[in-house]
Amino acid sequence: MAPHKAPDSSRRSDRSRRAIYDAALALVGESGYRRTTIEGIAARAGVGKQTIYRWWPSKAAVLMEAFLDLAARAAEEAAPAGGAAQYGIPDTGDLAADLKLVLRATVDELNDPLLEAPTRALTAEGIVDAKLGAEFVEKLLDPQLALYVTRLEAAREAGQLRPDADPRIALELLIAPLTYRWLLRTLPLTHAYADAIVDHALGGLTPRP
């Protein structure tokens, strides 16, 4: 008779966490942040609500961790086959091309049905819930924006931007139009629009003869 093998509690925990992440993201996308509850997440995930409270102090903590995990998985899927996920904006020496590449990828993420609903729900709730909004900025947005700052500072040092160009303002010139069009659905969010943003922004930032 084969020896009895004890259940692997770590694997069970990983499966439960994944189920909770998926349930939280699905519910916030379907019903919005405010109507999503710990009880609803537990029921969708097939776990007891005490399991959720054992790992997270609040609904906001569950959703934030689920969203960060989703973003990490998206980055891994976008990585080259067999390679690690690459973080940072490429520096090929062609600033416009590098920025267009990244903004096009951002367009794809914002248009991705898996990402769009939870992103929109958490963004909207962060506007009225200052604490959640601050956490969203600190844990998700700021690390991404720092990548732009690093790339734009390198471009400025290479003489590709005006010496007085502020990298933070420069990145907002690139990101804000995308966010505005996506949030308000004023017009389609496309690669062509991303390219146009880069062209217009750099036209005001590059050195003039």
Side-chain angles (χ1 to χ4, degrees), residues 25 29 64 66-124 126-127 133 135-209:
L25 292 169
M64 187 62 61
F67 195 82
L68 292 171
D69 177 74
L70 178 63
R73 281 188 281 163
E76 289 176 2
E77 290 173 2
Q86 299 296 313
Y87 296 97
I89 297 176
D91 188 347
T92 66
D94 186 335
L95 178 61
D98 295 342
L99 292 175
K100 287 178 181 179
L101 178 69
V102 173
L103 286 194
R104 283 183 172 215
T106 301
V107 165
D108 291 340
E109 289 181 5
L110 292 175
N111 286 331
D112 185 339
L114 183 64
L115 290 166
E116 181 180 12
T119 304
R120 194 176 290 280
L122 285 175
T123 300
I127 294 173
E135 187 176 8
F136 190 77
V137 169
E138 177 188 356
K139 293 184 177 180
L140 186 70
L141 290 185
D142 277 348
Q144 296 178 356
L145 297 181
L147 303 179
Y148 281 89
V149 170
T150 298
R151 180 66 184 88
L152 291 166
E153 286 177 342
R156 186 177 59 188
E157 292 174 4
Q160 298 170 334
L161 297 180
R162 295 199 321 249
D164 62 342
D166 185 320
R168 179 70 192 204
I169 294 176
L171 74 86
E172 289 173 352
L173 292 174
L174 297 164
I175 297 298
L178 282 184
T179 305
Y180 172 83
R181 183 172 286 200
W182 175 74
L183 275 177
L184 300 183
R185 297 186 174 98
T186 53
L187 288 168
L189 200 61
T190 64
H191 286 179
Y193 179 60
D195 291 351
I197 289 172
V198 173
D199 291 337
H200 281 71
L202 293 185
L205 293 169
T206 50
R208 297 177 181 176

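Along the sequence shown, the residues carry numbers beginning at 1. Bear in mind that the values here come from a model prediction, so they are computed numbers and not experimental data.
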Q) For residues 167-177, which residue pairs qualify under side chain to side chain donor-acceptor pair (under 3.5 Å), counting only residues two or more places apart or in two chains? A)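 Only R168-E172 qualify under side chain to side chain donor-acceptor pair (under 3.5 Å).
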(Q) Between Q160 (side chain only) and A96 (backbone N and O only), is there a donor and an acceptor less than 3.5 Å apart? (A)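 Looks like no, no N/O pair under 3.5 Å.
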My understanding is that only residues two or more places apart in sequence, or in another chain, count here; which of them pass salt bridge (charged side-chain N to carboxylate O under 4.0 Å, His left out) with [X]?
X    : result
E116 : R120
R181 : none
D112 : none

Applying side-chain contact (heavy atoms from CB on, under 4.5 Å), can you list everything that pairs with [X], at least two apart in sequence or on another chain?
X    : result
P177 : Y193, I197
H200 : A196
A117 : none
L161 : L95, L152, A155, R156, A165, L202, L205

Q.
Side chains of V198 and L174, heavy atoms from C-beta outward: is any pair under 4.5 Å?
A.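 V198 reaches L174 side chain to side chain.
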Q) Do F67 and T119 have side chains that get closer than 4.5 Å, going by heavy atoms? A)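 They are in contact (side-chain heavy atoms under 4.5 Å apart), so the answer is yes.
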Q. Quick one: CG on L99 to CD1 on I89, what's the gap to the nearest 0.5 Å?
A.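 Here the interatomic distance stands at 6.0 Å.
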How would you list, by chain and number, every residue that makes a side chain to side chain donor-acceptor pair (under 3.5 Å) with [X], sequence neighbours excluded?
X    : result
D199 : K100
T92  : D98
E135 : K139
D91  : R151

Q: Run through L178, T123, L110 and flag the one making a side-chain contact (heavy atoms from CB on, under 4.5 Å) with L183.
A: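 When L178, T123, L110 are each tested with L183, the side-chain contact (heavy atoms from CB on, under 4.5 Å) holds only for T123.
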